[in-house]
*Asks:* 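Structure provided below as structure tokens; questions to follow.
Model, not experiment: these values are computed from the prediction.
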Amino acid sequence: MFGSRRPRVLAALCAALAVAMLASCNNRMGNTAEGATSDTDASASGKKPNIVYVLTDDLSWNLVKYMPHVQEMQKKGMTFSNFFATDSLCCPSRTSILTGQFPHNTGVFTNSGDDGGYRAFLKNGNEKKTFGPAMQRAGYRTGFMGKYLNGYQPGDKNGTDKPYVPSGWDEWDVAGEGYHEYNYELNENGKVVPYGKDPQDYLTDVLSKKATSFIGSSAEEKKPFMLEVATFAPHGPYTPAPRHKGKFPGLKAPQTDAYDKATVNAPEWQRSLSPLTSKEKQGIDRNFAKRARSVQAVDEMIGQLEKTLEDKGLADNTYIVFGSDNGFHMGEHRLRTGKQTAYDTDINVPLMVTGPDVPAGKKVSQLAENVDINPTFLDLAGVDSPSGVDGRSLGDLMHGRTEDEWRDAVLVEHHKAASKKGDPDAAPKNAGDPPTYAAMRTDDSLYVEYTDGEREFYDLDSDPEQLNNRAASLSAEQRAALHRTLTALQRCKGAESCQDASRTDG
């Protein structure tokens, strides 16, 4: 009996093997430049994981201690302790997050004008490079909520017949001027909806409800989803939800060793900074307390999203990523409240990840940067990164696996804005406003080149607060080596090129 069936069994097995080999071949032949689906499943079960990305605005490391749900993420997942922004400024940083490219490849260096803002973002073709379209092509349901880019307005039509929604997003609930948390408008999937000043209009809470609804509807559709919720908090004017106005009475800003301290051998743009006055210190304390209050609703939103994922049975297959577009200084180096410098207060920002097979309570010390977000999300979704992406996937690192070849340095690029008109991030006259610069951060040093010819160099082993500029003491050989690496980083394009450029001499 068995003998008479054997040829048919073998034929069936051969046919099945041929189909499998053809499918694998087709996957491998996908167009990488368009973000083709890779030939490996995104998770061990073969089921694509969901991704929820909570991006805050101006949130610095010193606020994490006031966010219990974020602290719980650190316990349950992975923390990237050396994660940096390509520029400590909203629009260029968010552009790098969305596209995976450095400012010199996106053309977005500021918040407005020819070299910045939403218009420069569009002009340079960045919208088609974002991770939304690539993930949508891979079968994901995609959502974007909250803050997009400086200069974006909900009613913008961009040549269409109704308020414009970028391609690649199934759900679009995006504001323009939402910094006050009240009296704003949202572009809700092509319809402009106004919100007022009632407690239920508080923007972070509105985003929380919409995000919860998006998760629920995605669960009903049984589709994998990618959701970015980009809050305006804790950006100034640091408006808390009504329920949090009385929280943290008497809270004062932390005072590190750099607080109200002048930089030794400071660059010209800092030399006129006077010691902080008593009134200024009191103002810094008040604003820090407001910032701590304003992130309470963000933290509660994370808790609500986690609960919704649990209730829908999606928690075990969902990555939650928490981060910030840039840091914030408040009195360090005698700098008044602001950002835009190359110091760690401004460029070193939180990044926490929980999700499938992410080890609990671990830290990653390797240098990572916001250009890595785009390729990481695509990697988790089983999608190959486009060839123009400058960053690298953090997938192996977030799962506790080592990377044999990793970068030695990260790049920071900053242009001084030509105009401060209408820019919510414009530096006050007495705050310290750096000229255009490029900087390179390694494990143990910070090197900055300003266009006016000045240089900064800090040895972080002996000077972690970056208070003693040692650029003048570098040898000619050291200066030349630092300049070569920084110049290579400023010229790199694509992950391989930028990886090679990040190699430091010696």
*Asks:* Test your reading of the model: is there a side-chain donor-acceptor pair from N126 to the backbone of F121, 3.5 Å cut-off?
*Replies:* yes

*Asks:* Is K223 atom NZ crowded by more than 12 heavy atoms from other residues, nucleotides or ligands, each under 6.0 Å away?
*Replies:*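 Yes, enclosed.
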
*Asks:* Do H329 and Y343 make the cut of ring centroids closer than 6.0 angstrom?
*Replies:*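 Here the rings of Y343 and H329 have centres that are no less than 6.0 Å from each other.
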
*Asks:* Please report the shortest heavy-atom distance between D58 and R291, naming the atom on each side.
*Replies:* O-NH2, 2.8 Å

*Asks:* Please determine if R94 and E228 form a salt bridge, counting it only when a charged side-chain N lies under 4.0 Å from a carboxylate O.
*Replies:* no

*Asks:* Which heavy atom of K290 sits nearest a heavy atom of Y238, and at what distance?
*Replies:* CB-CB, 3.6 Å

*Asks:* What are the two closest heavy atoms between L207 and D173, and how far apart are they?
*Replies:* CD2-O, 4.4 Å

*Asks:* To the nearest 0.5 Å, what is the distance between CZ (R455) and CG (N469)?
*Replies:*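 Reported to 0.5 Å precision, the distance equals 11.0 Å.
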
*Asks:* About how many Å separate OG1 of T79 and CE of M73, when rounded to the nearest 0.5 Å?
*Replies:*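 Reported to 0.5 Å precision, the distance equals 8.5 Å.
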
*Asks:* A342 and A439: which non-hydrogen atoms are nearest, and at how many Å?
*Replies:*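 Scanning both residues completely, I find the closest heavy atoms to be CB-CB, 3.8 Å.
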
*Asks:* Using every non-hydrogen atom in the two residues, find where A85 and V412 come nearest and quote the distance to one decimal.
*Replies:* O-CG2, 3.8 Å

*Asks:* Would you please say whether a donor-acceptor pair under 3.5 Å links the side chains of Q200 and Y195?
*Replies:* no

*Asks:* Determine, for K281 against D285, whether the closest basic-nitrogen to carboxylate-oxygen distance falls under 4.0 angstrom.
*Replies:* no

*Asks:* Compare every heavy atom of R141 with every heavy atom of D170, then report the nearest pair and how far apart it is.
*Replies:* OD2-CA, 3.3 Å

